[in-house]
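Just so you know, ligand 1 is whichever comes first in the structure, and atom 1 is the first atom listed for that ligand. Since the model is a prediction, treat every value here as computed from it, not as a measurement.
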Amino acid sequence: MNTHSVARAPVSALLSKLPSVDKVLSQPESAQWIERFGRQELLHALRVVLDQARKMIVDDRNEACLSALWLQQQIERVLNQRHRPNMRQVINLTGTVLHTNLGRAVMPAEVIEAMMLAASDPCALEYDLGEGKRGDRDEIVEEMLCELTGAESATVVNNNAAAVFLLLNALSARKETVVSRGELIEIGGAFRIPDIMKRAGAKLVEVGTTNRTHEKDFQEALTSKTALLMKVHTSNYVVQGFTAEVAEKKIAEIAHAHGVPFVVDLGSGTLIDLAQYGLPSEPTPRQAIEAGADLVTFSGDKLLGGPQAGIIVGRRDLIQKIKRNPLKRALRVGKITLAGLEAVLRLYRDPVTLPSKLTVLNLLTRPAEDMREQALRFIPQISPDLALYKLSVNCHDVKSQIGSGSLPVERLPSAALVISGLDRSGEKNVIRLERLLRSSDTPVIGRMNEKNLILDLRCLQPNREDLFLATMRVAVMGLAGRA
Ligand SMILES: *Cc1c(COP(=O)(O)O)cnc(C)c1O
């Protein structure tokens, strides 16, 4: 608005029309706001909104802020915004099941229930109920981990990065750990094997080349300073073509002949052979142990399907040494994690019900036909609204990813809603819709491919369908607003 108009009230007269804080507080809505959010929050919101109103008047002589309705809506907006959790529930339609940035594994009801109970009540976390004295928190899951992996002993820390770090510090400080050059991995978020070694005080000895490592490379690297031979699962890439790697069994033999342990960082660590569910195979801790690994590390929230945790299983004497390291205390997990981990491990005792109960496995094993059926059911419900904005929606075959560095090159056939523009304005609306969905009360996260919005339905569970459709409806309505 320009400031040259003639018959306008002076700024001071407009400012004096704004209600006082006390006046707003005495209005009937205020009592409800105080009940819901507290007086302090209301005062904060009032200050924010009144500041904004003054600015509108001073800068633009905008009188919209003088209406009671405007004031009420703005106060409500500020209150709701501050009340909304930062840890937002989202609808993951990226097609990546174990999405690290979206919190990895979604957990089963049994697991959530166990975690809630651990949170709400005192629990025997480190308490030996038989003896009535102090116990060891690892015992909550140790027996089950041993049963599932064939290991003698187990311990749990904050995440797999911590597991690798602790293991190296406990067993290889100031000593050498031998790793193939083809396995010096970087995981997203700056977890790099060479860096973690350095920080753990271990000396990295790289052997072989990027594409080929042989038995003699390991043999020649052994010295009196060697503490460990290590294998790192190249979980987020594949080396293809003219390649050679040394089998775990062989590395184990070389290590044991030299009197040092062989350790394997598996990363994803599925506890079962995924091939039995029609999924690509991923090495299991049990296989590594059977091949002669003395210790194996893996994550709790990747294919295992539970809470964030790092699990170390293997030889009892080595686990004991790791547990005596003071860093174990710094990296240990809390009761909620242990309760969740225990509950998720228990599900593995019945491989028949596992694919229906373990959410991650359930999502991974959904046949493309399921997602196609979902898409075809949704299309008639959303396409009329979309058409108003020159948008079309179709069901396309797509490929989902497992994610979290698990099985990087394998793709799972899936189906997606693909939203495209019917003309230039429609194309702009696709971009706006993606943004509107992402900023919804329950954000919907899809992915853009060229000019299309792809919403892979693999991770849309039946009990979230209504929420998705309602969110979609509101977001499409948002297209009516200013671009
Ligand atoms: C994912 C992964 C890690 C890190 O595990 P976090 O649970 O994310 O800490 C380490 N090593 C490998 C091989 C991995 O795949």
Could you tell me which atoms of ligand 1, counted from 1 in the order shown, lie closer than 4.0 angstrom to a heavy atom of Phe191?
10 (C), 11 (N)

Which atoms from ligand 1 have a heavy atom of Arg104 less than 4.0 Å away?
6 (P), 7 (O), 8 (O)

Ligand 1 to Ser268 polar contact by distance, N or O atoms, under 3.5 Å
no

Work out which heavy atom in Thr155 is nearest to a heavy atom in Lys323; give both atom names and the distance.
OG1-CG, 3.8 Å

Cut-off 3.5 Å, side chains only: do Thr471 and Ser440 have a donor facing an acceptor?
no

Which of the numbered atoms in ligand 1 are under 4.0 angstrom from any heavy atom belonging to Lys302?
1 (C), 2 (C), 3 (C), 5 (O), 14 (C), 15 (O)

With respect to atom 13 (C) of ligand 1, which of Glu186, His233, Lys231 exhibits the smallest heavy-atom separation?
His233

Run the numbers for me: atoms of ligand 1, each under 4.0 Å from some heavy atom of Asn159, listed by number.
7 (O), 9 (O)

Any pair counted as salt bridge (Lys or Arg N to Asp or Glu O under 4.0 Å), so long as it reaches residues 80-109, sequence neighbours left out
Glu41-Arg82, Arg104-Asp301

Assess Glu183 for proximity to ligand 1: is some non-hydrogen atom of it under 4.0 Å away?
no

For ligand 1, which is the ligand I care about here, please tell me if Ala161 has any N or O atom under 3.5 Å from one of the ligand's N or O atoms.
yes

Do ligand 1 and Asn160 have nitrogen or oxygen atoms that lie under 3.5 Å from each other?
yes

Heavy-atom proximity to atom 7 (O) of ligand 1, picking from Gly300, Ser299, Gly310, points to Ser299

So, 4.0 Å and heavy atoms of Gln308: is ligand 1 close enough to count as a contact?
no

Between ligand 1 and Asp265, can you find any atom pair, the residue atom being a heavy atom, that is separated by under 4.0 Å?
yes

Is there a donor-acceptor contact under 3.5 Å linking the side chains of Thr223 and Glu176?
yes

Going from CG on Leu391 to OG on Ser420, what distance comes out if it is rounded to the nearest 0.5 angstrom?
8.5 Å

Hey, are Ser281 and Asp273 close enough side-chain-wise for a donor-acceptor pair under 3.5 Å?
yes

Paired with Met230, the side-chain contact (heavy atoms from CB on, under 4.5 Å) test is passed by just one of Leu171, Val164, Leu295, namely Val164

What's the shortest heavy-atom distance between Ala151 and Ile289, and which atoms?
CB-CD1, 3.8 Å

Closer than 4.0 Å to some heavy atom of Ile185 - which atoms of ligand 1 meet that?
12 (C), 13 (C)

If the condition is ring-ring contact (aromatic ring centres under 6.0 Å, His included), which residues does Phe468 pass it with, not counting sequence neighbours?
Phe378

